[in-house]
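Note that the structure is predicted; figures quoted are calculated from it, not measured.
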Amino acid sequence: MANSAQAKKRIRQNERRRLINKSRVSRIRTFVRKVEEAIASGDKSAAGDALKAAQPEIMRGVTKGVIHKKTASRKVSRLSARVKALA
C-alpha cells in the first residue's frame with residue numbers, strides 16, 4: 001500500500017490515465033471494426049470511406065502513446081491492402 005503522498009497521487013494519476021487510454025484503444029478498435037465490416041460486405045466505397053476515417057484515428061493513437069508506431073503502420077497497411085483488393 002502506498003504510504004507517501006506522492007505515491008498516493010501517482011496511484012490517482014495512473015487510474016485516470018488508464019481510463020483515458022482504455023477509451024482511446026476502444027475507439028481505435030471500433031473504427032477498425034467498421035472497416036472490416038465494410039470489407040466483409042464487399043462494398044468498396046464504404047470500405048474506402050471507413051478506412052479514411054480510421055486512418056487518422058489509428059495514427060492519433062500513436063501520438064497519444066497507446067499503440068506503437070509500427071503497429072499502427074502495419075494495421076493501416078493491411079487494411080488498405082484489403083480494401084484495394086476488393087473488386
Atom [atom1] in [X], atom [atom2] in [Y]: separation rounded to 0.5 Å?
X	Y	atom1	atom2	result
F31	R60	CZ	CZ	8.0 Å
I39	E37	CD1	CD	10.5 Å
E57	R24	CD	CZ	9.5 Å
K75	R29	NZ	CZ	8.5 Å
D43	D49	CG	CG	8.5 Å

Would you name the heavy atoms of [X] and [Y] that are closest together and state the gap between them?
X	Y	value
G42	L86	CA-CD2, 4.2 Å
V62	H68	CG2-O, 4.0 Å
K44	K84	NZ-O, 3.5 Å
A2	A7	CB-CB, 3.6 Å
V35	A47	CG1-O, 4.4 Å

Does the pair Q13 and R10 meet the rule for a side chain to side chain donor-acceptor pair (under 3.5 Å), with working shown? CA-CA 5 Å; Q13 289 175 329; R10 180 53 68 183; 3.2 Å; yes
Salt bridge (Lys or Arg N to Asp or Glu O under 4.0 Å), that's the test. Do E15 and R18 meet it? Break it down for me. CA-CA 5 Å; E15 181 61 18; R18 184 184 70 83; 2.8 Å; yes
For N21 and S23, run side chain to side chain donor-acceptor pair (under 3.5 Å): C-alpha distance rounded to whole Å, both residues' side-chain angles, the deciding distance at 0.1 Å, then the answer. CA-CA 5 Å; N21 290 340; S23 169; over 6 Å; no
Side-chain touch [X]/[Y], heavy atoms, less than 4.5 angstrom:
X	Y	value
I28	V66	yes
I58	P56	no
L79	E36	yes
S73	M59	yes

Can you tell me if S26 uses its side chain to pair, donor with acceptor, with the backbone of K22 under 3.5 Å?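 No.
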Just by modelled atom types, is the A50 backbone N or O under 3.5 Å from a matching donor or acceptor in the K34 side chain?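 Looks like no, no N/O pair under 3.5 Å.
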Under a 4.5 Å side-chain heavy-atom rule over Ile, Leu, Val, Met, Phe, Trp and Tyr, are V25 and V32 clustered together?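 Yes, one cluster joins them.
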